[in-house]
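Within every chain, numbering begins at 1; the chains are lettered A, B, ... in the order of the sequence lines, protein sequences first and strands thereafter.
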Amino acid sequence: MSVAETTPPAGTSRSAFHTADRPRWEDYSRCIHCGLCLEACPTFRLLGEEMDSPRGRIYQIAQADAGRLPLAGAFETHIGRCLDCRACQTACPSGVEYGKILERARAELAAQREVRGPKAWLANYVFRRLLPDPKAMARQARLLRWYQRGGARAVARATGALRLLGLAQAESLAPEVEGEFFRAEMGRTFPALGPRRARVAFLAGCVQRVAFAGMNRATLRVLQAAGCEVVIPAAQTCCGALHVHAGRRAEARELARTNIQAFAGFDAVVTNSAGCGSALKEYGDLLENDAAAEEFAGRVRDATELLAALGLPAGMLRPLPWKVTYQDPCHLAHGQRIRSAPRQLMAAIPELELVEMVRADSCCGSAGIYNVVQPEIAGRLLDEKMATVRATRAATIVTANPGCMLQLRAGIRRSGAADRVMHVMELLDAALEPGAAENPAAKPE
Amino acid sequence: MEKLRAIRPRLQALLGPDGVVADALGRMLYEYDGGVDRGEPDLVVFPRSPDEVIAVLRLAREHGLAIIPRGAGTGLSGGAVARDGGIILSLNRMRKILSVEVENQRARVEPGVVNLELSERISGTGFYFVPDPSSQKACTIGGNVAENSGGPHTLAYGVTVNHVTGLEVVLADGEVLRTGGMAPDMPGYDLTGLMVGSEGTLGVVTAVTVKLTRKPEAVRTLLAIYDQVDRAAETVSAITAAGITPAALEMLDGFTLRAVEAAVQAGYPLDSAAVLLIEIEGLQEEVAEHAAAVEAVCRQAGAREVRQARDAAERGRLWAGRKQAFGAMGRICPNFYVMDGVIPRTRVGPVLRGIEAIGQRRGLRIGNIFHAGDGNLHPLVFFDGRQAGQLELAREASREIIQLCVEQGGSITGEHGVGMEKDELMPLIFSEADLDFMRWLKQAFNPEGRLNPGKMLPTYKSCRETALATRPELGKTIEARI
Amino acid sequence: MSAAAWAEWERRLGAEGFAWDAGRAVARPGDVEQTAAVVRWAGEEGIQIRVGQGGGNLAANAASPAAGAPAAANGGDTRGNGGAAANGAGAASSAVAAAPRPVLRLDLRRMRRLRFYEPGDLTAGWDAGATVAEVKAALAAHGQFLPLDGGGGAATLGAILAARRSGPLRHGFGTARDFVIGIEAVTAAGEIVHGGGKVVKNVAGYDLMRLLIGSAGTLAVITGVNCKVFPALAATETIAFTLADFAAAERLRSRLLHSPLRLIAWELTDGTVGGTGTGADGAEGPAAITALVRFQGSEAVRARYRRELAAIAAESGVEARAVEAEAEMWDRWEAERLPLAMGAPSGVAVELLRRTAEMAASGGRSLRFRGRLALGAFGLALAPELTGDARAAWPREWRTMAARVHGDAWLQDEAEPWYAAWRGMGQGARNDQAQGVGSGAHGDHAAGGRDLRREGDWMVRLKRHLDPRGLFGPAEAGA
């Protein structure tokens with residue numbers, strides 16, 4: 001005779017939420033607090049406290065809406081500690097869309113919080129200027145590249161300059177900026193090899209353009225080899241995922257509108273970033289009651305999802321006698337429920353041995369910018385992850401999200417649990433038959 | 001409050017800063033479990049070892065505070081909820097598997113080990129831990145012991161008590177009692193059996209010795225589909241009469257299975273009135289014969305169709321529907337009671353009709369999903385929590401259903417426990433003498449009534465226990481009667 | 001107590017309800033209310049009650065009456081040697097000596113009603129005085145049964161439950177603690193109390209069934225039980241493995257443990273116990289360590305068992321043969337009562353048997369045994385039997401020896417006072433601390449210097465709590 005009881009009606013004058021982006025009763029009241037999510041939650045497993053569990057966070061949000069909890073203080077701590085990895089959504093039998101609830105709570109927090117000082121300046125700079133603007137990004141990246149190559153790194157570390165900027169832990173996680181940015185490819189079209197089987201648009205990604213240019217090029221080669229004509233619209237911008245995670249929904253909406261326009265008219269919008277893909281697929285929720293947003297979201301495909309559905313042409317791949325293990329990116333496995341597609345693609349590589357790690361779908365601690373803002377918990381999650389990687393004795397960790405790759409690389413540097421981290425697209429690229437691997441001359445869009 | 005101010009720094013010194021939760025938000029987050037009941041604790045503590053548990057209990061005794069043991073908080077009867085303040089003793093950080101001894105068919109675990117985790121950890125040995133409550137992905141073995149948890153497969157293999165052979169228990173005064181062990185049939189009183197299912201009122205379990213069972217060679221899952229609920233109910237006793245004990249025999253009514261199907265796509269036909277999910281385990285040959293026999297019984301009893309899962313994936317899908325059913329119902333309507341009652345298996349049909357009548361009389365929708373094989377019903381009473389009076393209406397209907405179960409020779413709980421949810425219903429099945437004996441039994445282990453107070457035994461009597469704690473001379477009156 | 005005083009009892013209970021038996025007063029209540037009244041009167045008059053069904057001893061697997069032997073004079077007491085052990089020089093002698101209280105024996109054999117039977121629900125309930133034969137007959141009429149193979153047909157349900165006696169089918173079906181779903185008992189206060197109910201799954205209230213089953217009538221008088229019953233056995237077969245030594249027995253045990261076979265009985269004997277006593281299956285020839293496995297099912301299923309077992313025998317190099325007339329053999333299996341019972345974790349039980357045999361041999365005796373190989377529970381006897389001081393010392397020596405093998409190993413000697421085995425328990429845990437031996441199950445988790453209360457002490461405490469005046473059996477236990 002237990003009950004999924006009523007929560008006091010939301011929106012009363014006592015509610016701690018005030019904005020239009022408030023968490024909705026229709027969403028959070030679906031939680032019957034059965035607790036089946038607990039063991040799926042990395043922070044609950046680590047900290048063992050109800051406050052840092054999905055059920056507990058939903059309860060906090062419900063209580064805040066009922067006026068029993070203020071947003072300042074402990075509430076903010078626990079909501080902030082969430083990885084937004086969505087593992088609880090996979091575990092939830094009631095279909096609670098936890099991510100929606102959490103992101104809305106964060107939006108409330110962001111709206112109500114007045115932050116001043118260098119941290120706020122930095123955050124505003126990153127979210128408003130850096131991420132949406134490829135040129136600014138390139139400038140910063142060049143700076144970072146100089147810094148990574150030169151002796152300034154040691155100096156900066158020693159002086160604590162980075163710590164001042166709130167980037168101390170982030171420093172070890174910063175992407176190794178690659179030689180040539182993914183810039184020349186913007187605005188161009190890459191033909192399919194062999195008969196054209198699909199015409200898709202590619203999201204180049206703000207961070208990927210400067211830090212994962214090689215991975216983007218590998219993705220292009222694989223898509224082409226699989227028979228896709230790939231267009232890279234020049235007008236695209238940052239997907240807004242990091243903004244949504246941080247509760248900056250207004251900024252995210254602007255970015256979303258830009259992208260919806262830039263990607264109009266393609267069979268599919270393809271991304272090689274699980275985090276970006278997840279955000280793109282949720283544009284419908286971000287821009288409520290917007291038919292174009294819903295329609296757009298329906299066309300978004302993760303690169304693995306697209307290729308697994310399309311099927312790889314016979315003879316596309318040559319044997320690769322490697323032993324690899326696969327880390328499910330949270331925003332692929334839980335956010336988009338894509339688990340078998342990357343595995344199917346890997347299985348298509350002759351002689352490749354995939355050794356599954358324990359809890360492959362448990363967060364590595366990357367979670368957007370989580371490893372920057374919650375370094376201690378992220379570090380402990382990473383240590384656990386490395387232990388499970390080591391147990392597989394695989395030299396290569398394969399995953400499908402740039403954020404995870406950064407975190408996992410930091411992990412193997414620290415632990416030596418494996419030799420390298422690759423994206424599924426990079427792995428497929430490495431297995432392309434010679435001839436299929438070249439990047440034929442691109443033609444202007 | 002004076003007591004709390006005094007004990008808090010001592011607990012913090014003992015358990016460290018992250019071992020004690022005392023702030024308003026933290027305490028609020030321990031006011032619930034998986035069920036309906038609420039109660040905010042004064043403190044929450046997180047011991048990491050038996051020694052810390054002992055020390056906490058000694059401090060609690062010294063300061064005269066109640067202790068409420070808690071596992072994952074997935075229970076459905078308020079067993080882990082602080083009914084009247086006190087200290088919640090959360091055991092979920094004690095999660096070491098202490099030993100796995102396959103040759104002895106035993107494992108020894110700390111109470112915070114998650115039920116499914118044990119079976120996963122030993123899966124390579126060919127053995128597993130049998131009890132499989134629907135919450136097995138999250139619930140702890142310590143919690144299973146406290147509530148004597150069941151699950152679909154208890155039909156053939158028994159509930160938790162049939163799979164626990166020894167315990168390490170810390171008593172109210174901090175004393176350690178070790179009961180049973182790895183050997184079978186240990187002489188003397190079965191204190192292990194008494195502790196299992198005592199809902200945290202006799203002691204705090206710090207280690208559990210469990211039986212490990214050989215996995216069956218073959219498993220087959222059948223789905224029998226019915227156009228009439230009565231036919232499904234008749235099948236249940238017909239299978240029993242045929243001398244076959246399936247490993248599991250579950251039933252979902254039409255309303256429930258449609259909701260489940262919408263959420264889980266288990267493959268239940270939407271136009272049916274009821275389905276039975278039947279699982280048979282054993283040797284290949286045995287399973288083949290029994291599956292054929294069960295299929296014949298189902299058809300004879302009027303099943304429209306009987307399907308056998310072809311592979312593990314299909315079997316998993318059929319089970320996903322059952323295991324995730326409660327949650328799936330939340331998609332239709334977030335407000336519902338998950339009830340737990342038991343009836344003789346021969347009464348399934350009449351009781352289902354009775355439940356329907358109760359629902360109609362009160363204008364409430366009631367879904368049925370249950371362990372038909374052992375008569376353990378889980379009616380779900382739906383209501384709209386935003387409308388005033390609906391909750392009370394649902395409670396009344398639930399009470400009526402329990403009454404119906406009892407009238408048919410059943411019990412008020414088959415696996416969720418009594419807790420603070422049904423203590424007032426205990427007189428439906430036990431006489432005052434029965435309850436007095438249980439109270440007296442409790443006194444032997446928990447004389448001051450500080451261990452999980454207000455649970456299992458009706459509370460109107462608990463005032464007497466409190467009185468005893470302060471006025472021991474009253475105890476003599478009771479003793480004289482014994 | 002004077003005969004005149006007992007005459008008052010006779011007046012209260014009537015001719016049917018009171019009797020003299022070999023100079024002992026016996027109450028024979030006709031129902032539970034009368035039983036409760038007897039207990040209340042006894043309490044008021046300071047009379048001690050011995051429940052007929054064994055009162056003195058907690059033999060788990062060892063005791064069993066000779067099949068078809070006349071019921072012992074004191075009624076429900078089904079032990080082969082009647083009340084001698086309970087009242088004579090054996091079990092309760094020390095207690096009786098310490099408590100010169102008048103004793104009333106309680107014989108429940110007039111209470112033998114079938115209380116309810118729902119064949120479709122596989123549940124039934126009886127008064128505690130119903131005999132095994134009566135229970136079996138009632139169930140057989142509907143093709144059902146209870147695995148009550150730990151005693152002969154004359155044993156009462158109450159006796160079986162009080163002693164928690166079980167036989168070979170315990171392997172496949174569990175003990176009474178597993179199949180009793182409801183219980184009725186009279187407490188030391190003379191109150192009628194219930195636990196459980198009539199349904200097969202029920203977690204309301206404390207598990208009084210578990211508490212009272214095996215309590216040897218020392219906490220309360222069991223007056224009625226409800227059971228979950230089973231569909232009757234299908235066709236059965238038994239295969240016997242002749243084993244060269246204990247090592248071979250252990251190899252076979254481990255091999256079978258890891259096979260998927262689901263046996264219903266799985267015994268090990270030294271070859272002198274069981275059947276007619278000349279060999280495991282009654283065959284002529286020298287006694288040898290023998291394992292017997294029993295299985296049920298259709299011809300196709302049994303053929304599979306035969307194949308698997310033959311393969312295991314061939315692979316292990318042991319001789320396996322089908323046992324003729326196996327049902328009759330199993331009927332006789334528990335006929336001989338063995339005075340000692342031991343238990344150990346299944347993986348070390350055979351080793352412990354080996355060491356026990358060595359210990360016996362060093363004293364010039366041979367060890368006879370019979371029991372549940374897969375579970376590690378055995379009845380034992382020494383041939384020839386020990387007597388006097390040597391008999392009294394032997395369990396202590398055994399416990400010291402066994403604690404080195406495993407801390408949880410236990411032994412009961414029916415010649416010892418009824419609480420001796422409890423005291424013997426936990427010795428392993430104590431040794432863990434004293435000697436640093438880690439073999440006890442508790443060793444790895446134990447922190448030194450704890451306020452460790454031994455389970456046996458707690459049982460005594462619970463006994464005093466529930467029966468403070470020592471009404472049931474020797475309350476002086478552990479004093």
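- In this structure a side-chain-to-backbone donor-acceptor pair under 3.5 Å is present from C:Ser346 to B:Glu103.
- In terms of heavy-atom pairs under 4.5 angstrom with chain B, the leader among C:Leu212, C:Val348, C:Leu462 is C:Leu462.
- For B:Asp374, the side-chain contact (heavy atoms from CB on, under 4.5 Å) criterion is met by B:Thr154, B:Leu155, B:His371, B:Asn376, C:Val200, C:Lys201, not counting sequence neighbours.
- Counting heavy-atom pairs closer than 4.5 Å to chain B, the top residue among C:Gly197, C:Gly376, C:Ala232 is C:Gly376.
- Judged purely by atom type and a 3.5 angstrom limit, C:Asp408 uses its side chain to pair as donor or acceptor with the backbone of B:Met182.
- Although no hydrogens or angles enter the test, the distance criterion places no donor-acceptor pair under 3.5 Å between the side chain of C:Asn202 and the main chain of B:Ser411.
- Taking each heavy atom of B:Gly193 and C:Asp207 in turn, the nearest pair found is O-CB, 3.8 Å.
- From B:Glu175, atom CD reaches atom CG of C:Asp457 across 9.0 Å, with rounding to the nearest 0.5 Å.
- Rounding to the nearest 0.5 Å places CZ of B:Arg214 at 11.0 Å from CG of C:Leu256.
- Nearest approach of C:Arg304 to B:Leu283, heavy atoms of both residues: NH1-CD2, 3.8 Å.
- Side-chain atoms of C:Glu191 never come within 3.5 Å of backbone atoms of B:Asp436 as a donor-acceptor pair (strictly under, hydrogens ignored).
- Between C:Arg170 and B:Asp185 there is a salt bridge, since a side-chain N of the basic residue sits under 4.0 Å from a carboxylate O of the acidic one.
- Checked by atom type and distance alone, the side chain of C:Trp458 never pairs as donor or acceptor with a backbone atom of B:Leu191 at under 3.5 Å.
- With ring centers used as reference points, C:His465 lies 6.0 Å or more from B:Phe445.
- Note: C:Leu257 leads C:Thr175, C:Leu257, C:Leu211, C:Thr123 in heavy-atom pairs under 4.5 Å with chain B.
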**OP:** Any chance you could lay out the salt bridge (Lys or Arg N to Asp or Glu O under 4.0 Å) test for B:Glu285 and C:Arg302, step after step, and finish with the verdict?
**Re:** CA-CA 9 Å; B:Glu285 291 82 353; C:Arg302 283 181 283 123; over 6 Å; no
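- Here C:Ala204 is the residue among C:Ala220, C:Ala204, C:Ala300 with the most heavy-atom pairs under 4.5 Å with chain B.
- Annotation for B:Pro184 and C:Pro345: closest pair CD-N, 4.4 Å, computed over non-hydrogen atoms.
- Residues B:Phe430 and C:Gly195 come closest through the heavy atom pair CE2-CA, 4.1 Å.
- The backbone N or O of B:Val196 lies less than 3.5 Å from no partner atom in the side chain of C:Arg210, so there is not a single donor-acceptor pair.
- Taking 4.5 Å as the limit, some side-chain heavy atom of B:Leu441 sits within range of a side-chain heavy atom of C:Leu466.
- Options C:Arg40, C:Glu308, C:Arg177, C:Lys228 differ in how many heavy-atom pairs under 4.5 Å they form with chain B, and the most are formed by C:Arg177.
- In this structure, chain B has a heavy atom under 4.5 Å from the side chain of C:Tyr305, while its backbone stays farther away.
- Contact tally against chain B (heavy-atom pairs below 4.5 Å) for C:Gly143, C:Ser298, C:Gly297: the top residue is C:Ser298.
- Across C:Gly120 and B:Ser237, no two heavy atoms sit closer than the pair O-CB, 4.2 Å.
- Only the side chain of B:Thr245 comes within contact range of chain C, with at least one heavy atom under 4.5 Å from a heavy atom of that chain.
- There is no contact between B:Val236 and chain C, counting heavy-atom distances below 4.5 Å.
- Of all heavy-atom pairs spanning C:Glu455 and B:Tyr189, the tightest one is OE2-O, 4.2 Å.
- Counting only heavy atoms from C-beta outward, the side chains of C:Val203 and B:Glu147 never approach each other to under 4.5 Å.
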